[in-house]
Amino acid sequence: MKKTEKVEFITETLEKLYPRTPIPLDHTDPYTLLISVLLSAQTTDKMVNRVTPDLFKKGPNAKAMARLATDEIREIIKPVGLSPTKSKAIKKLSEILIDKFDGKVPATFKELESLPGVGHKTASVVMAQAFGVPAFPVDTHIHRLMYRWGLTNGKNVTQTEKDAKRLFPKELWNKLHLQIIFFGREYCPARSHNFESCPLCRVVGRKSLVK
DNA sequence: AACTCGGGGCA
DNA sequence: TGCCCAGAGTT
């Protein structure tokens, strides 16, 4: 099966399965999205959703958040893990937004990635979901599925992002990355070797696990 | 490139 | 009890 045929089959199948792609994190603005995504690094969104109601009640925006003590933030986000690191990042980030960005979340990769706790993946999610700029946030789900489908060599996420952007139409990126994540969780999880039960792997690829 | 960070889920 | 999760930062 050619790569172009795979891409076509994948996009068609995902569109059938997930015609609407509700964003997993409950956010209404760039700031709460950014903080939610920052928190979700190294955890599941189930964990994140457990603490965000409280967190955003006390710190709904950069200004309010910056006023909270690091310890206060730490207490709220305790269940998420890495609380000291993350609470410091959230406070510092909020202060930087106020000092340098007029209290608003900047809309460029460079500026986003300059913020503490924000790497390329988090920046990509914010650019895609908050600002509608085409991006392809590659997390381990994307990485794993692209590899299993034989669409990337599985070496690193940087390569995977390049391959994804090269293979999939730009206008689909922002929707597709969410669809792939949903699909990965539901049908093609990291430790499942049962490719017969995975409707996409069964057709387009049978590669084994990454690593 | 390798290592660290930390609590929860799960076997 | 011990492995796994999944990104960012540091060296």
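Any value given below was found using the heavy atoms of this structure, including those in side chains, with hydrogens, waters and symmetry copies removed. Residue numbers start from 1 in every chain, and the chains themselves are labelled A, B, ... in the order their sequence lines are given, proteins ahead of strands.
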Does A:Lys175 have more than 12 heavy atoms from other residues, nucleotides or ligands lying within 6.0 Å of its NZ?
yes
Map A:Pro116 and A:His141 onto DNA chain C by nearest heavy atom, then report which one ends up closer to the 5' terminus.
A:His141
Nearest-0.5 Å distance that lies between atom CD1 in A:Ile10 and atom CG in A:Leu151:
5.0 Å
Output for pair (A:His143 NE2, A:Leu145 CG), nearest 0.5 Å, gives 11.0 Å
Expressed in angstrom and rounded to an integer, what is the separation of [X] atom [atom1] from [N] atom [atom2]?
{"X": "A:His177", "N": "C:dG7", "atom1": "NE2", "atom2": "P", "value": "11 Å"}
{"X": "A:Glu75", "N": "B:dG7", "atom1": "CD", "atom2": "C1'", "value": "14 Å"}
{"X": "A:Ile181", "N": "C:dA6", "atom1": "CD1", "atom2": "C1'", "value": "12 Å"}
{"X": "A:Asp45", "N": "B:dG9", "atom1": "CG", "atom2": "C1'", "value": "14 Å"}
{"X": "A:Leu112", "N": "C:dG7", "atom1": "CG", "atom2": "C1'", "value": "16 Å"}
{"X": "A:Arg185", "N": "C:dC5", "atom1": "CZ", "atom2": "C1'", "value": "12 Å"}
{"X": "A:Lys46", "N": "B:dC10", "atom1": "NZ", "atom2": "P", "value": "6 Å"}
{"X": "A:Gln42", "N": "C:dG9", "atom1": "CD", "atom2": "P", "value": "10 Å"}

5'-most by nearest nucleotide on DNA chain B - A:Leu82 or A:Met47
A:Leu82
Does [X] reach a base, just sugar-phosphate, or nothing at all? Heavy atoms under 4.0 Å.
{"X": "A:Leu115", "answer": "sugar-phosphate"}
{"X": "A:Thr140", "answer": "sugar-phosphate"}
{"X": "A:Ser83", "answer": "nothing"}

A:Asp163 versus A:Thr160, side-chain donor and acceptor atoms under 3.5 Å
no
Any side-chain N or O of [X] less than 4.0 Å from the OP1 or OP2 oxygen of [N]?
{"X": "A:Thr122", "N": "C:dA8", "result": "yes"}
{"X": "A:His120", "N": "C:dG7", "result": "no"}
{"X": "A:Arg74", "N": "B:dG6", "result": "no"}

If you measure from the P atom in B:dC3 to the same atom in C:dC4, how many Å do you get, rounded?
16 Å
For C:dA8 versus B:dG8, give the span between their P atoms, rounded off to a whole number of Å.
22 Å
Nearest to the A:Ala190 side chain among C:dA8, C:dC5, B:dG8, which nucleotide is it?
C:dC5
Does the A:Asp45 side chain pair with the main chain of A:Ser40, one donor and one acceptor, at a distance under 3.5 Å?
no
